[in-house]
Amino acid sequence: MTSLRAFTCDDLFRFNNINLDPLTETYGIPFYLQYLAHWPEYFIVAEAPGGELMGYIMGKAEGSVAREEWHGHVTALSVAPEFRRLGLAAKLMELLEEISEKKGGFFVDLFVRVSNQVAVNMYKQLGYSVYRTVLEYYSASNGEPDEDAYDESNMKYKGCGQTATVVADFFSLAIDMRKALSRDTEKKSIIPLPHPVRPEDIE
Ligand SMILES: CC(C)(COP(=O)(O)OP(=O)(O)OC[C@H]1O[C@@H](n2cnc3c(N)ncnc32)[C@H](O)[C@@H]1OP(=O)(O)O)[C@@H](O)C(=O)NCCC(=O)NCCS
């Protein structure tokens, strides 16, 4: 039986089968440890009966309560190829949403590369809608445009994808998808912004 449990430090040495995926970023160890230290409840791994790690979700709670922006955020979600289409990602998202509900969040959000249509469609299937698009200039190491909206240096833009170096040569695009939680009775948090934003406009 699949077990869903808290991610531990040791799992960092066992999750290669999940992270060896072009759409899954492998961050530096301190980045994961920061999440484990601050938001351990938001770092959940699925383990197969044989002990292989099947997938994980890593997130956090952030934002101002006074401005009704307190929310759960999905920083990373990935399932190893051999365990896909079993409903694991949907289950991990459900758990993150439950935690965010308990914490009194107004919504859950995530950033995703526009080109990752499988993920975009999955999130839509799970009730997420596009809140805003994020314009950025990035360049991947292979010289291809990189649409991710993640900036590890200030830990603000959490796209489920690759960390990128900002350069002026490439235009890139990510979307910020949201799902309102029960505290947001009027669903104000998911009213789409009419214009794209730049990363510096995102809190
Ligand atoms: C996106 C990803 C997390 C989905 O994981 P998963 O465990 O296979 O997803 P689930 O089985 O929970 O799928 C939930 C729903 O999403 C949709 N979906 C997921 N993968 C799909 C695919 N390859 N094609 C079409 N629909 C898909 C389906 O509607 C599915 O429900 P269904 O199987 O009942 O039809 C996985 O493909 C992955 O790890 N990709 C690489 C990393 C990544 O892109 N992460 C997200 C970036 S923000």
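All ligand and atom numbering here is 1-based and tracks the order in the structure. What you see is a predicted model, and the numbers here were worked out from it, not measured in a lab.
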Give yes or no for whether the N/O distance cutoff of 3.5 Å, strictly under, is met between [X] and ligand 1.
{"X": "Val118", "result": "no"}
{"X": "Leu23", "result": "no"}
{"X": "Met122", "result": "no"}
{"X": "Gly87", "result": "yes"}
{"X": "Thr24", "result": "no"}

Item checked: Thr24 OG1 to Leu77 CG distance, which is reported to the nearest 0.5 Å -> 8.5 Å

Side chain, backbone, both or neither: [X] near ligand 1, heavy atoms under 4.0 Å:
{"X": "Asp21", "result": "side chain"}
{"X": "Asn116", "result": "side chain"}
{"X": "Tyr123", "result": "side chain"}

Check: Sub-3.5 Å donor-acceptor pair from the side chain of Tyr32 to the main-chain atoms of Tyr27, do we have one?
Finding: yes

Notebook entry, point to check: Sub-3.5 Å donor-acceptor pair from the side chain of Arg198 to the main-chain atoms of Val134, do we have one?
Noted result: no

Note to self: Quick check on contacts: which atoms of ligand 1 are under 4.0 angstrom from a heavy atom of Leu86?
What the structure shows: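 Answer for ligand 1: 11 (O).
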
Item checked: Name of the residue among Leu126, Leu110, Val108, Val74 meeting side-chain contact (heavy atoms from CB on, under 4.5 Å) with Met177 -> Leu110

